[in-house]
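Worksheet for the structure shown next.
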Amino acid sequence: MLDRKFIVENAALVKENCARRNSKADIDRFVALEMDRRKKQQDVDELNRKANEKASSIGKAPADQREALKAEGRALREQCDAAKEELAKLDAEVDGLQRSIPNMSHPQAPVGGDDQSNLEIKKGKHAPPKFDFKPLDHVQLGEKLNLIDFDAGAKTTGAGFYFLKNDAVLLELALQQYAVNMLMAEGFTPTITPDLARNEVLHGTGYIPRGPETQIYSIADSDLSLVATAEITLGGYFADTILEEEQFPIKMCGISHCYRTEAGAGGRASRGLYRVHQFTKVEMFAFTTPEQSDEMLEYFRDLECRIFDGLGIAYRVVDTATGDLGGPAYRKYDLEAWMPGRGNGGEYGEVTSTSNCTDYQSRRLGIRYKKKGEKGTHFAHTLNGTAVALSRAIIAVLENYQQADGTIVVPEVLRKYMGKDKIGG
RNA sequence: GGAGAGGUGGCUGAGUGGUCGAAAGCGCCGGUUUGCUAAACCGGUGUACGGGUCACACCGUACCAUGGGUUCAAAUCCCAUCCUCUCCGCCA
């Protein structure tokens, strides 16, 4: 979320930003309510001061005066309680509005209402493969080679779930190792995170469990949800912590399962593994100072490119338009890999995404840092990026590396992890 | 799951319901001393919000796991929740 003071002092800017981002957040109302809240806070402080004063005078007063003083104290405390109640109401309302306001946007992010305005900024090292046969999509390949079983997933769990089988399992593990090894070499601390998180942490990272359009599965009778990405748990890792400036940048990566309800996502190009309720992901995360975060975003983007260049898969990178950024992101790059089985004769499909969330998440999560020799604290910047989303990476590998004889060549970089150079045949 | 113990400042650890934002020690920062380092000594050392200031200073309020309650007054009493530790049981 944005800083309250910032919103009040820059209401025009924030409003403009909301317009670019397709956000209906009511800034005028926020400002008015926040001013009321501040005034009420002052009232409460003043009443508290008086009541405290009264209370401490009672301890020193002679016994015969105490009853009278107590009555006065009681009256003050009642007034104070009433004011507090009003304050709490105002605060809740302000908070609700504040959460609904999206992050500010990078000045160079393309302006536009939706993903049609996303700007392609580069292509990968490799061109899409040319086939002298009609390529299959991953669902057909998965079935032919006995790699993915959607029917069994539907039977045990429901539509949108699946079993990976045989070499698909090795492929998934190989992709994980490939990504994690690269990240470790880059100085990331590898983690395997919890797959569930407290709702408070979800909120802090900008995910809304139990909202009307939520993507999140909630656990009944608890305040836990299944995570939609390790971004949630990694972001929460340093919640309510004051770090030292010298500790930055902190780079972590996390392997987790990701659970998404995909409410209202039916009907789109979501065949097979593309849009599923559960998948595994290796996620990158960084905590930085404000000065470091722009550069870190470029670095994350570069790593994502290296991962797909290394796999020998064609892709393009898009700079996400303001209207398509979501709440927390200040700037976001998506990497879209070539998927020969998608659409009519192949299409690009999103495989990774990296965002600079500036202090939007850390403000709510309470991730702060101190500068040496300076009073007070600053909010850290947080960034996240997909190293590899296994479900979609598997689509890309299967479809791009399929052969005329129905087998699939294992990308060079994965062979040492898979222990073989070919799937099927 | 059962039985117990406990959660206090960066850490360790005191704290009779009023004088406690909280003793003491450690750490850290600044200073003195000193060939250098160390030691010793002196001083300082939480966060947020609001007021105040050119900026400091300063003032107010809140925070002793979290949320409620009792009371004029709660770190201290009561209840609930969460977390940690020990023992027992169960279990991959």
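Proteins get letters first, then strands, A, B, ... in listed order; numbering begins at 1 in each.
Of the C1' atoms belonging to B/G43 and B/G52, the separation is 27 Å, rounded to the nearest Å. Taking atom P on both B/U19 and B/C42, the two are 29 Å apart, rounded to the nearest angstrom. For the C1' atom pair drawn from B/G67 and B/C26, the interatomic distance equals 33 Å after rounding to whole Å. Taking atom C1' on both nucleotides, B/U8 is separated from B/A75 by 7 Å, rounded to a whole Å. When the C1' atom is used for both B/C72 and B/C54, the distance is 43 Å, rounded to whole Å. The gap from the C1' atom of B/C64 to that of B/G15 amounts to 11 Å, rounded to the nearest Å. Using atom C1' as the reference point in both B/C88 and B/A80, the two lie 26 Å apart (nearest Å). Here, B/A14 and B/G7 have their P atoms 9 Å apart, quoted to the whole Å.
Nucleic acid contact for A/Ser57: none, since no nucleic acid atom lies under 4.0 Å from a heavy atom of the residue. Using a 4.0 Å heavy-atom distance criterion, A/Lys50 is classed as making no nucleic acid contact. Backbone-only contact: A/Arg198 has heavy atoms under 4.0 Å from sugar-phosphate atoms and none from a base. At a threshold of 4.0 angstrom between heavy atoms, the contacts of A/Arg368 are confined to the sugar-phosphate backbone, with no base atom among them. Counting any heavy atom pair closer than 4.0 Å across all strands shown, A/Gln42 reaches sugar-phosphate atoms only and no base atom. Residue A/Leu69 is out of contact with every strand shown, counting any heavy-atom pair closer than 4.0 Å.
Put simply, CD on A/Gln41 is 12 Å from P on B/U61, counting in whole angstrom units. To the nearest angstrom, C1' of B/C72 lies 15 Å from CG of A/Leu47. Atom P of nucleotide B/U61 and atom CG of A/Asp45 are separated by 8 Å, given to the nearest angstrom. With rounding to whole Å, A/Glu244 atom CD is found 11 Å from B/U47 atom P. Across the protein-nucleic acid pair, A/Ile242 atom CD1 and B/C11 atom P stand 11 Å apart, rounded to whole Å. Here the C1' atom of nucleotide B/U61 and the CD atom of A/Glu53 are 13 Å apart, to the nearest Å. Protein atom CE of A/Met35 is 14 Å distant from nucleotide atom C1' of B/G51, rounded to whole Å. For A/Asp36 and B/C49, the CG to C1' distance is 17 Å, given to the nearest whole Å.
No side-chain donor-acceptor contact under 3.5 Å links A/His257 to the backbone of A/Thr280. Of the possible donor and acceptor atoms, one in the side chain of A/Gln98 sits under 3.5 Å from a partner among the backbone N and O of A/Leu2.
Look at A/Arg301 and A/Glu304 and you find no salt bridge, because none of the NZ, NE, NH1 or NH2 atoms lies under 4.0 Å from a carboxylate O. With respect to the salt-bridge test (charged N to carboxylate O, under 4.0 angstrom), the residues A/Arg77 and A/Asp81 do not qualify. The pair A/Lys422-A/Asp167 does not meet the salt-bridge criterion, since no charged nitrogen lies less than 4.0 angstrom from a carboxylate oxygen. Ion pairing between A/Arg260 and A/Glu262 fails under the 4.0 Å rule for side-chain N and carboxylate O. Using a cut-off of 4.0 Å between Lys/Arg side-chain N and Asp/Glu carboxylate O, A/Arg306 and A/Glu186 are scored as salt-bridged. A/Lys50 and A/Glu53 are not joined by a salt bridge, as no carboxylate oxygen comes within less than 4.0 angstrom of a charged side-chain nitrogen.
Of all nucleotides present, none satisfies the Watson-Crick or G-U wobble test against B/A74 with each distance under 3.5 Å. Using the Watson-Crick or G-U wobble rule with both distances under 3.5 Å, B/U84 pairs with B/A5. Across all strands shown, the partner of B/C41 is B/G31, judged by Watson-Crick or G-U wobble contacts whose two distances both fall under 3.5 Å. Shown here, B/G17 forms no base pair; nothing in the strands shown gives a Watson-Crick or G-U wobble contact with both key distances under 3.5 Å. Across all strands shown, B/C11 pairs with B/G25; the Watson-Crick or G-U wobble distances both stay below 3.5 Å. Under the Watson-Crick and G-U wobble criteria, each requiring two contacts below 3.5 Å, nucleotide B/U53 is left unpaired. In this structure, B/A48 and B/U61 make a Watson-Crick or G-U wobble pair, each of the two defining distances being under 3.5 angstrom.
Note on A/Asn52: every side-chain N or O is 4.0 Å or more away from OP1 and OP2 of B/C72. OP1 and OP2 of B/U19 both lie 4.0 Å or more from every side-chain N or O belonging to A/Ser56.
Distance from the side chain of A/Asn48 is smallest for B/U61 among the nucleotides B/A73, B/U61, B/G18. For A/Arg77, whose side chain is taken as the heavy atoms from C-beta onward, the closest listed nucleotide among B/G50, B/U47, B/C72 is B/C72. For A/Lys370, whose side chain is taken as the heavy atoms from C-beta onward, the closest listed nucleotide among B/C83, B/C72, B/G46 is B/G46.
Place A/Arg38 and A/Arg66 on RNA chain B by their nearest nucleotides, and A/Arg66 ends up nearer the 5' end. Residue-to-nucleotide proximity on RNA chain B shows that, of A/Ala55 and A/Asp3, the 5′-proximal contact is made by A/Ala55.
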